Amino acid sequence: QELPETVLLKFFRPENTPVPARPTPEQLSNLIKTSLHYPESFNHSFHQKSLCLVPVTLLLSNCSQAVVDVMIDLRHKPTSSEALEIHGSFTWLGQTQYKLQLKGQEVYSLQLKACFVHTGVYNLGTPRVFAKLVDQVSLFETSQQNSMPALIIINNI
């Protein structure tokens, strides 16, 4: 019987092996892209019903390949008096905070209701969105970049 030939294994590592880099704060603030979908203007008879309810869809898109924890806070109000003068105040009805998890490249649609008591022009772009990578050991989520103002016109009929 012949003995099998012994082969030496060589292990090698290329010199320029990339080390997984920690995401930069800018990358972390662009994990989730948000967009609001709503009518540009909404007609309502305030004489018949004092509260005007408008359906609004908040679309959340995970721009990364990683699983991301997302927190949405609807309680944020613009603090500058100028913003209130131009765009009046309105209220989000129902739940004010949401926590969810989005898989890589997942798009999630959140149905919201905005409540108005006067005619006027309002900025619906108040939801604050925070996100963090699931495997990231972080005590807080990174605030996601806010999009442009989302203006809606409420008319009385």
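Positions are given from 1, in the same order as the sequence printed here. In this text, all values refer to a predicted model and were calculated from it rather than measured experimentally.
- Note that the OH atom of Tyr98 and the CD1 atom of Ile72 stand 8.0 Å from one another [nearest 0.5 Å].
- With a 4.5 Å cut-off on side-chain heavy atoms, Asn62 and Val107 do not count as touching.
- When every heavy atom of Leu93 is checked against every heavy atom of Cys115, the shortest pair comes out as CG-CB, 3.8 Å.
- Side-chain contact between Asn155 and Ser41: present, with at least one pair of heavy atoms (C-beta onward) separated by less than 4.5 Å.
- You'll find the side chain of Leu100 reaches within 4.5 Å of the side chain of Leu60, heavy atoms only.
- Looking at heavy atoms from C-beta onward, Leu51 lies in side-chain contact with Val117 at the 4.5 angstrom threshold.
- Phe130 and Ser143 make their closest contact through CD2-CA, 3.6 Å (heavy atoms, listed as atom of the first residue, atom of the second, distance).
- More than 12 non-hydrogen atoms from other residues, nucleotides or ligands lie less than 6.0 angstrom from CD of Gln97.
- Atom CZ of Arg128 is separated from atom CG of Asp73 by 5.5 Å, given to the nearest 0.5 angstrom.
- Gln101 has its side chain within reach of Val134: a pair of non-hydrogen atoms, C-beta onward, lies under 4.5 Å apart.
- Counting heavy atoms from C-beta outward, Val54 and Ile154 have side chains that approach closer than 4.5 Å.
- Nearest heavy atom pair, residue Leu74 against residue Gln95, reads CD1-O, 3.5 Å.
- Distance CD1/Ile157 to OG/Ser45: 5.5 Å, rounded to 0.5 Å.
- With sequence neighbours left out, the ring-ring contact (aromatic ring centres under 6.0 Å, His included) criterion links Phe116 to Phe90, Tyr122.
- No more than 12 heavy atoms of other residues, nucleotides or ligands sit less than 6.0 Å from atom NE2 of His118.
- Listed by chain and number, the residues in a side-chain contact (heavy atoms from CB on, under 4.5 Å) with Lys103 are Glu106 (sequence neighbours excluded).
- Here CD of Gln105 is found 7.0 Å from OG of Ser64. Values are rounded to the nearest 0.5 Å.
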**OP:** Go through the steps for Val70 and Tyr108 under the test side chain to side chain contact (heavy atoms under 4.5 Å, CB included), then give the verdict.
**Re:** CA-CA 11 Å; Val70 182; Tyr108 185 83; over 6 Å; no
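- For the atom pair Leu59 CG and Leu110 CG, the distance stands at 10.0 Å (nearest 0.5 Å).
- When all heavy atoms are compared, the tightest approach of Pro55 to Leu53 is CD-O, 4.1 Å.
- One finds the CZ atom of Arg75 at 14.0 Å from the OG1 atom of Thr91 (value rounded to the nearest 0.5 Å).
- Between Asp69 and Leu102, the closest side-chain pair of non-hydrogen atoms is not below 4.5 Å.
- By the criterion of side-chain heavy atoms lying less than 4.5 angstrom apart, applied directly or through intervening Ile, Leu, Val, Met, Phe, Trp or Tyr residues, Ile153 is grouped together with Leu151 in one hydrophobic cluster.
- Under the 6.0 Å cut-off for aromatic ring centres, Phe46 and His44 qualify, their centroids lying closer than that.
- Residue Ala131 comes nearest to Val68 through the heavy atom pair CB-CG1, 3.6 Å, listed as atom of the first residue, atom of the second, then distance.
- Applying the side chain to side chain donor-acceptor pair (under 3.5 Å) rule to Thr57 yields the partners Gln111; only residues at least two apart in sequence or on another chain are considered.
- Two residues are said to be in side-chain contact when any heavy atoms from C-beta on lie closer than 4.5 Å; Leu124 and Val56 meet this criterion.
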